[in-house]
There are 2 protein chains.
Amino acid sequence: MSHTVGVRQAQKQKTRQALLDAALVLLEEQSLSSLGIREVTRAVGVAPTAFYRHFRSTADLGIALVEEALGSLHPLIESLLAEHDDSEQLIAHMVDLISAHVQDHPSHVRFLARERHGGVQPVRAAMATQLQRFAEEVRVGLATQAESRGWGEDDLLMLSRLYVDHMVMTASELVEAEPGTEEALKDTARRQMLVIHLGRAHWLDHRG
Amino acid sequence: MSHTVGVRQAQKQKTRQALLDAALVLLEEQSLSSLGIREVTRAVGVAPTAFYRHFRSTADLGIALVEEALGSLHPLIESLLAEHDDSEQLIAHMVDLISAHVQDHPSHVRFLARERHGGVQPVRAAMATQLQRFAEEVRVGLATQAESRGWGEDDLLMLSRLYVDHMVMTASELVEAEPGTEEALKDTARRQMLVIHLGRAHWLDHRG
DNA sequence: AATTCCAGAGAACAATCGTTAACTGATGTC
DNA sequence: GACATCAGTTAACGATTGTTCTCTGGAATT
């Protein structure tokens with residue numbers, strides 16, 4: 001990784017990123033299936049046809065946004081899972097991590113919430129794949145904890161899905177929250193995760 | 001309720017319903033924010049301007065669809081909550097009820113999942129109001145159960161929100177499920193509700 | 001220095017859009 | 001039976017859309 005990528009490729013990446021950024025702003029008030037190519041290029045200050053040098057369609061751009069929005073989250077989750085032994089402490093930090101991420105990248109989170117069940121199938125598929133990866137990672141993380149002794153693999157995956165879905169739900173609520181109501185939402189989310197955690201702790205009682 | 005509503009109003013209701021039905025079909029493959037007025041009227045076989053006799057805009061139509069899709073669910077939930085004492089049995093029936101509703105009205109459910117965080121603010125607001133009503137109703141239902149002795153009102157609302165959100169999530173997953181995978185999804189959903197139920201049963205242990 | 005490559009510009013296309021205005025004719029009212 | 005009401009039609013408007021083809025000028029290659 002010595003020599004720079006070349007003026008040409010660098011400039012191309014720059015406009016590509018500008019297209020992604022502009023799209024993200026526009027998508028704060030509409031859905032991907034109504035996003036126009038001309039609309040995006042106009043916001044960037046570039047000719048409509050330039051769009052095709054980077055993306056085949058707006059659906060293609062949407063997939064790129066999914067990677068951008070979720071890709072950066074994997075290391076965060078992984079390290080969080082690794083550095084905590086105490087589960088209850090982990091819950092508090094998990095909510096804080098989500099909250100911070102929503103504050104730092106609100107339009108990314110909004111995009112994810114909006115397009116998760118949105119009108120563009122390839123984008124939905126891309127997100128589903130990524131979220132499955134998250135559930136898998138969480139499952140691996142949970143498996144190392146002492147509380148998971150005696151758990152079957154499918155039950156563990158069931159539980160991680162519950163956690164992941166609750167995280168996504170919390171993020172969606174936080175990004176649409178009225179200013180000032182965030183703390184109450186975070187508190188509710190923490191208590192809900194605690195309910196789940198308590199249920200997890202007594203799962204084997206019930207089964208056995 | 002003796003005399004009929006008049007030929008005139010009846011005919012108007014008929015085209016209004018036709019517009020709603022056509023929109024629902026179109027919305028299976030796109031979002032509301034990209035739904036065109038002409039597109040809907042063309043599908044019904046009526047002049048574009050006729051649309052304005054019934055709705056101010058597509059957002060207005062979206063709100064009507066929210067009422068249609070969620071309104072019919074209230075009585076179902078209410079009766080389900082009323083007719084069960086045993087909580088675990090209720091879980092199984094709740095999942096069955098959701099599953100049946102998804103099978104009977106897939107496009108309604110798809111619409112709800114899609115527009116809950118969609119690009120049209122008034123529609124989001126209408127849905128949020130309705131879902132809050134659901135959480136409230138579930139809270140009242142839970143309050144009558146023996147397991148809720150000693151629970152604070154805010155904790156009960158926290159729990160009902162968790163239930164409602166999980167129901168919505170399950171419905172979303174079922175409506176997008178590959179044919180043949182529904183049963184596995186339902187089983188996972190039941191186990192997840194059981195985790196929540198177990199957490200609920202031990203909530204006071206932890207608090208006290 | 002000559003040549004190739006390619007990101008972006010420019011012009012033009014047919015199609016679609018939301019919205020207005022003025023109308024028609026069956027229904028409801030008296 | 002005369003009159004008013006109003007759901008739906010027809011025509012037209014300017015604006016915007018996705019996509020194509022051709023062109024340009026600087027970077028990359030040789």
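Throughout, a chain's letter reflects where its sequence line sits, starting with A, and its residues are numbered from 1.
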### Summary
In the 5' to 3' direction, the nucleotides of DNA chain D bounding the stretch that comes under 4.0 Å of a heavy atom in chain A are dT17(D) to dA28(D)
### Members of residues 16-38 of chain B that approach DNA chain D, where some heavy atom sits under 4.0 Å away
R38(B)
### Task
For DNA chain D, determine which residues of residues 45-57 of chain B have any heavy atom closer than 4.0 angstrom to one of its atoms, and list them numerically.
V46(B), A47(B), T49(B), A50(B), R53(B), H54(B)
#### Entry: Those residues that, when tested against H84(A), pass ring-ring contact (aromatic ring centres under 6.0 Å, His included) (two or more places apart)
H93(A)
### Task
List for me each residue that meets salt bridge (charged side-chain N to carboxylate O under 4.0 Å, His left out) alongside E137(B), sequence neighbours excluded, and say none if there are none.
R133(B)
### Task
Only counting residues at least two apart or in another chain, list the ones meeting salt bridge (charged side-chain N to carboxylate O under 4.0 Å, His left out) with E83(B).
none
#### Entry: salt bridge (charged side-chain N to carboxylate O under 4.0 Å, His left out) against R190(A), all qualifying residues, sequence neighbours excluded
D96(A)
### Message
Under the rule for ring-ring contact (aromatic ring centres under 6.0 Å, His included), what residues qualify as partners of H101(A), not counting sequence neighbours?
### Response
H105(A)
### Message
Please list all pairs meeting salt bridge (charged side-chain N to carboxylate O under 4.0 Å, His left out) that have one or both residues in residues 160-170 of chain B, counting only residues at least two apart or in different chains.
### Response
R116(B)-D165(B)
### Message
Show me the pairs that pass salt bridge (charged side-chain N to carboxylate O under 4.0 Å, His left out) and involve residues 24-45 of chain A, at least two apart or across chains.
### Response
none
### Task
Kindly write out the residues that satisfy ring-ring contact (aromatic ring centres under 6.0 Å, His included) with F51(A), not counting sequence neighbours, or none if the list is empty.
F55(A)
#### Entry: V7(A) vs T58(A), nearer the 5' end of DNA chain D by closest nucleotide
T58(A)
### By salt bridge (charged side-chain N to carboxylate O under 4.0 Å, His left out) - contacts of E136(A) (at least two apart)
R139(A)
